[in-house]
Amino acid sequence: MAYVINDSCVSCGACEAQCPVGAISAGDAHYEIDANACIDCGSCEATCPTGAISAQ
């Protein structure tokens, strides 16, 4: 169960800085999480100021 970032993302980058495995990067429309690298720790979800990140 990887985390995903929805269209509410404002591309602030807060989540990228919190990811311990570097699974988050800037995408075309907003930041994206590499499901294969995500370790389901949830630190990104807790950091997101817009609530754009959730468990899939």
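The structure presented is a predicted model; accordingly, all values stated were derived computationally and were not measured.
The SG atom of C15 lies 11.0 Å from the CD atom of E32; values are rounded to the nearest 0.5 Å. Rounding to the nearest 0.5 Å gives a distance of 5.0 Å between CD1 of I24 and CD1 of I53.
Pairing each heavy atom of Q56 with each of V4, the nearest pair is OE1-CG1, 3.2 Å. Looking at every heavy atom in both residues, G51 comes nearest to N6 through O-ND2, 4.3 Å. Between T50 and S8, the shortest heavy-atom contact is OG1-O, 3.3 Å. What you find for S11 and H30 is that their closest heavy atoms are OG-CA, 3.6 Å. For the pair A23 and C19, the tightest heavy-atom approach, listed with the atom from each and the gap, is N-SG, 3.2 Å.
Contacts of A26 classified as side-chain contact (heavy atoms from CB on, under 4.5 Å), with partners at least two apart in sequence or in another chain: Y31. With sequence neighbours left out, T47 forms a side-chain contact (heavy atoms from CB on, under 4.5 Å) with A14, Q18. The side-chain contact (heavy atoms from CB on, under 4.5 Å) check on A17 picks up nothing, with sequence neighbours excluded.
In this structure, V21 and C38 have side chains that are not in contact, with every pair of non-hydrogen atoms separated by 4.5 Å or more.
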